[in-house]
Amino acid sequence: MPPTNSAEDEDTSSPQTSFSRQTSRVRDFFSVPAPVKTLFNSVPILTYPPNDLPQRALKPTRVPILYVFSTKEDAAAGRPSFNPSCLKWQAFLNIAGINHRVVSSSNHASPSGSLPFLLPASASSNASQESFKPIPSNKLIRYAKEHGAIIEESTSMRYEAYQSLLDHRIRSAWLYTLYLEPKNFSSVAYPLYVSSTSSNPLVRASISYQLRAAAEAELLKQSSIIDTDDLYSEADKAFEALSILLGDDPWFFGNEKPTLFDASIFAYTQLLLDENMEWKERKLCRALRRRENLVQHRERLLVRYFGGS
């Protein structure tokens, strides 16, 4: 998912990436004047609850709708989302056997400000707005259980340790390779997240800057500098650890069917191995391809739950 931008003031004494140096003048130009900033700081901040969906969107449907980052064509065909956070839950619902339809969307269309979210089904045209209340991703497991899915959850004490490999090492390398590798930003991120959003050059420039700045800020939360070699090295080690964990089993932790953890792995492996993504800098892709069992794991999920899309 596109990273959330940080409002923290920057420490100009800390090392900067090339992206920081290239955009420092832009930051200065758009910075808020000190008197205005002081005035804003003195005004209490009121946080409002998520917006309700507009009335025109509340049309009864017999099939739940999952809103994700996707193209209209891919969404209509049920193909995998191009966003890891969305693809994780799209795969989970498929694995859980929850019938649903996929619709292309954006964060701006989400009541909570982020994707994915699920709009539940309703068989009645007189249903109340409460019955159309969107379900955020952190409640999709409960939703699946309430609708008859049998969810296998790992009881292994190692689960959290391996999950952290995804949440930190692999995600960090993903953020860098997608947003801060110039060739990949131009060939992958720009067409998916920028040019598809607006045709206005100024809007596109602003979105591009925000995406790259947010990715950089996210990475700098973990270290005072962004060491590219270290990011890729740690991701490579994470893939190796996951490959050893999977071994010769079809699914992780020896489960008889895939779980949310398998869906979480697939969310990255599918996108890194998908030739349609048109990666130019393929260092992270090559690290994954060296682990044949992870490649086969992705293929099994793709064929079984996405029809080999």
Side-chain angles (χ1 to χ4, degrees), residues 1-7 10 16-30 67-77 79-88 90 102-110 113-116 170-221 226 228 231-232 235 266-289 309:
M1 180 175 181
T4 303
N5 203 353
S6 173
E10 295 186 15
Q16 295 180 314
T17 66
S18 59
F19 173 66
S20 296
R21 292 191 293 270
Q22 292 169 4
T23 59
S24 60
R25 293 183 180 179
V26 176
R27 290 186 180 126
D28 293 340
F29 181 80
F30 286 102
Y67 291 84
V68 300
F69 284 107
S70 181
T71 65
K72 290 183 179 180
E73 296 76 17
D74 285 351
R79 297 190 187 101
S81 165
F82 57 72
N83 177 275
S85 297
C86 292
L87 182 52
K88 168 185 174 179
Q90 183 185 1
V102 178
V103 170
S104 173
S105 189
S106 70
N107 284 336
H108 299 293
S110 171
S114 63
L115 294 178
I170 293 177
R171 180 173 181 269
S172 293
W174 169 267
L175 289 177
Y176 185 86
T177 201
L178 178 61
Y179 296 108
L180 298 180
E181 286 280 11
K183 291 181 180 179
N184 285 341
F185 185 83
S186 298
S187 66
V188 183
Y190 191 87
L192 294 179
Y193 293 107
V194 181
S195 61
S196 61
T197 304
S198 174
S199 60
N200 186 300
L202 292 177
V203 173
R204 287 183 173 185
S206 176
I207 294 174
S208 296
Y209 171 77
Q210 290 172 16
L211 289 174
R212 301 189 71 193
E216 183 185 67
E218 186 70 19
L219 293 175
L220 288 174
K221 290 179 181 178
I226 298 176
T228 306
L231 281 175
Y232 285 128
F266 178 76
Y268 287 102
T269 58
Q270 161 60 19
L271 299 180
L272 289 171
L273 297 175
D274 185 0
E275 294 298 331
N276 293 324
M277 290 292 285
E278 298 186 6
W279 298 103
K280 301 302 181 186
E281 170 50 68
R282 306 176 65 87
K283 193 174 295 185
L284 195 58
C285 305
R286 289 194 296 270
L288 173 59
R289 284 195 179 276
S309 298

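Side chains included, hydrogens not; waters and symmetry mates left out as well; all remaining heavy atoms used. All figures in this text were calculated on a predicted structure; none of them were measured in a lab.
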Checking [X] now: which residues fulfil side-chain contact (heavy atoms from CB on, under 4.5 Å) with it, not counting sequence neighbours?
X    : value
L271 : P84, L87, W174, M277
K183 : K280
A75  : S70, V102, S104
S186 : none

How far does [atom1] of [X] sit from [atom2] of [Y], to the nearest 0.5 angstrom?
X    : Y    : atom1 : atom2 : answer
K88  : S81  : NZ    : OG    : 13.5 Å
L231 : I226 : CG    : CD1   : 7.0 Å
S105 : K72  : OG    : NZ    : 11.0 Å
N184 : W279 : CG    : CH2   : 5.5 Å

May I ask you to decide if V68's main-chain N or O and Q90's side chain share a donor-acceptor pair within less than 3.5 Å? no
Report yes or no: does R204 contribute a side-chain atom to a donor-acceptor pair with the main-chain N or O of S195 at less than 3.5 Å? yes
Does any donor atom in the side chain of Y67 or S110 lie under 3.5 Å from an acceptor atom in the other side chain? no
So among L211, L192, V188, which one has a side chain to side chain contact (heavy atoms under 4.5 Å, CB included) with L178? V188
Hey, is K283 close enough to E181 for a salt bridge, meaning N to O under 4.0 Å? no
side-chain hydrogen bond (donor to acceptor under 3.5 Å, both in side chains) partners of [X], counting only residues at least two apart:
X    : answer
R286 : none
D74  : T71, R79
S172 : Q222
S198 : none

With salt bridge (Lys or Arg N to Asp or Glu O under 4.0 Å) as the rule and sequence neighbours excluded, what pairs involving residues 266-276 come up? E275-R282, E275-R289
Would you say that S106 contacts T197 through its side chain, given a criterion of any heavy-atom pair below 4.5 Å between the two side chains? no
Side chains of E216 and Y179 in contact at under 4.5 Å (non-hydrogen atoms): no
List in chain and number order the residues that pass ring pair (Phe, Tyr, Trp, His ring centres under 6.0 Å) with F266, two or more places apart in sequence or in another chain; answer none if no residue qualifies. F306
Across all chains, not counting sequence neighbours, the ring pair (Phe, Tyr, Trp, His ring centres under 6.0 Å) partners of F82 are Y193
Least distance between heavy atoms, A235 atom then L284 atom: CB-CD1, 3.7 Å
Looking only at heavy atoms, the pair that brings E218 and L175 closest together is CG-CD1, 3.7 Å
Before you tell me yes or no, could you show the steps for S85 and F69 under side-chain contact (heavy atoms from CB on, under 4.5 Å), namely the whole-Å CA-CA distance, both residues' side-chain angles and the distance that decides it to 0.1 Å? CA-CA 9 Å; S85 297; F69 284 107; over 6 Å; no
